[in-house]
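Notes to accompany the following structure.
Just so it is clear: chains get the letters A, B, ... in the order the sequence lines come, proteins before strands, and each one is counted from 1. Reckoned from all heavy atoms, side chains included, excluding hydrogens, waters and symmetry mates.
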Amino acid sequence: MTSGRPSAPRRAERSRPAVPELIEVETYRRAAEAVVGRTVADVDAPDAWFLKRGASPSLVTDAAAGARVESADRHGKVLLLPLSSGVVLGLRFGMTGRLVVDGGAPIGALEYSSARFDPAWERFGLRFRGGGSLVVSDARRLGGVELDPDTGLLGPDASTITAPQLRCALDGSAAPLKAALLDQHRVAGLGNLLVDETLWRSGLDPARPAGGLDAPEVRRLAGRIRSTVSDLSARGGSHTGDLQDERHRGGRCPRCGEELTRRTLGGRTTYSCPRHQA
DNA sequence: ATTGTGGCCTGCCCGC
DNA sequence: TGCGGGCAGGCCACAA
């Protein structure tokens, strides 16, 4: 699209949903700590499609009913609930998944109108002895529940990734930097918004071959990944980046005013500044 | 093996 | 005013 017009009409100021990337799932994890130590009375799995990797309502019920929640952990975008039965419950939230603990407002509720929380969107739930519940609400059904997820397949968590870990994750890869950072096997926890924000802050072109970064660039990127996660966590979500308001056709670089490049990389819509991301 | 593509799913935005 | 196409993106199956 050619410029000439000042810019596309600015998107309505209405806040956008916080897509569940690492930051949001960490918020869910903290909320889930409220149920640690409780015993599962019953499993509610009304949507069998939501159960992945061979899990079925009866298998999940067998694993969870009567078991105590031992802890609430997270790796990347996966929320892990180890149970006293020895089974670990893995919860993924896809793009629109929310966690509702004890019937309170779903995390991120303030981002939405009340109509967004249709009871029909409840895909999975645990009810606890003595009351309370933990429910996954997901309009789009892109999330899921699995038993004993293999976290060994995931890369190091983005929030604490070190330069050597990042080098290892990117080394020898010809894939675009954007695609490599989205790949949960390489780095766990980053989604589309966080990657674009991080690369913009790093001054790195998302199309650069991932393995082509030199050592200073890898160090810089590792630091930016951590600081971006930390910064946006403090602001309240992965949608609070500096680039966010300009993520639309005709959007402009918040730093230099150049029109942002919009393209598809790693299968995702990618915005970057052609002037200072190289 | 790695990298790329398309499909899943469905609410919602926008243009007609 | 209503309708319908396109868009959103995490994740997986599959293709090259």
Taking for each residue the nucleotide of DNA chain B with the nearest heavy atom, is it A:Gly172 or A:Arg268 whose nucleotide lies nearer the 5' end?
-> A:Gly172
[X] [atom1] - [N] [atom2] separation (whole Å):
X: A:Asp183; N: B:dT2; atom1: CG; atom2: C1'; result: 10 Å
X: A:Leu79; N: C:dC11; atom1: CG; atom2: P; result: 13 Å
X: A:Lys52; N: C:dC12; atom1: NZ; atom2: P; result: 9 Å
X: A:His75; N: C:dC11; atom1: NE2; atom2: C1'; result: 16 Å
X: A:Asp171; N: B:dT3; atom1: CG; atom2: P; result: 12 Å
X: A:Lys178; N: B:dT5; atom1: NZ; atom2: P; result: 14 Å
X: A:Arg53; N: C:dC12; atom1: CZ; atom2: C1'; result: 10 Å
X: A:Arg186; N: B:dA1; atom1: CZ; atom2: P; result: 13 Å

Which nucleotide, [options], lies nearest any side-chain atom of [X]?
X: A:Leu182; options: B:dT3, B:dC8, C:dG10; value: C:dG10
X: A:Arg140; options: B:dC8, B:dT3, B:dT10; value: B:dT10
X: A:Arg249; options: C:dG10, B:dT3, C:dC7; value: C:dC7
X: A:Arg262; options: C:dA8, B:dC9, B:dG7; value: C:dA8
X: A:Thr269; options: C:dG10, C:dA8, B:dC8; value: C:dA8

Are A:Glu70 and A:Arg68 ion-paired here, with the side-chain N under 4.0 Å from a carboxylate O?
-> yes
Should the pair A:Asp242-A:Arg255 be classified as a salt bridge under the 4.0 Å nitrogen-to-oxygen rule?
-> no
Do we get A:Arg247 above A:Tyr271's six-membered ring, with its NZ or CZ under 6.0 Å from the centre and within 45° of the axis?
->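 That pair does not qualify as a cation-pi contact.
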Pair A:Ser227-A:Arg201, side-chain donor/acceptor within less than 3.5 Å =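 On atom types as modelled, these side chains do not qualify, holding no pair under 3.5 Å.
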For A:Ser233 and A:Glu26, does a side-chain donor sit closer than 3.5 Å to a side-chain acceptor?
->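 Checked: A:Ser233/A:Glu26 side chains show no N/O donor-acceptor pair below 3.5 Å.
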Under 4.0 angstrom between A:Arg92 side-chain N/O and C:dC11 OP1 or OP2 | yes
A:Ser173 vs B:dT3: side-chain N/O to OP1/OP2 distance below 4.0 Å =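 Checking B:dT3 against A:Ser173, a side-chain N or O does come within under 4.0 Å of OP1 or OP2.
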Contact class for A:Arg123 vs. all strands (heavy atom < 4.0 Å): base, sugar-phosphate, or nothing?
->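 It contacts nothing in the nucleic acid.
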So what does A:Gly191 touch, heavy atoms closer than 4.0 Å: a base, only the sugar-phosphate, or nothing?
-> sugar-phosphate
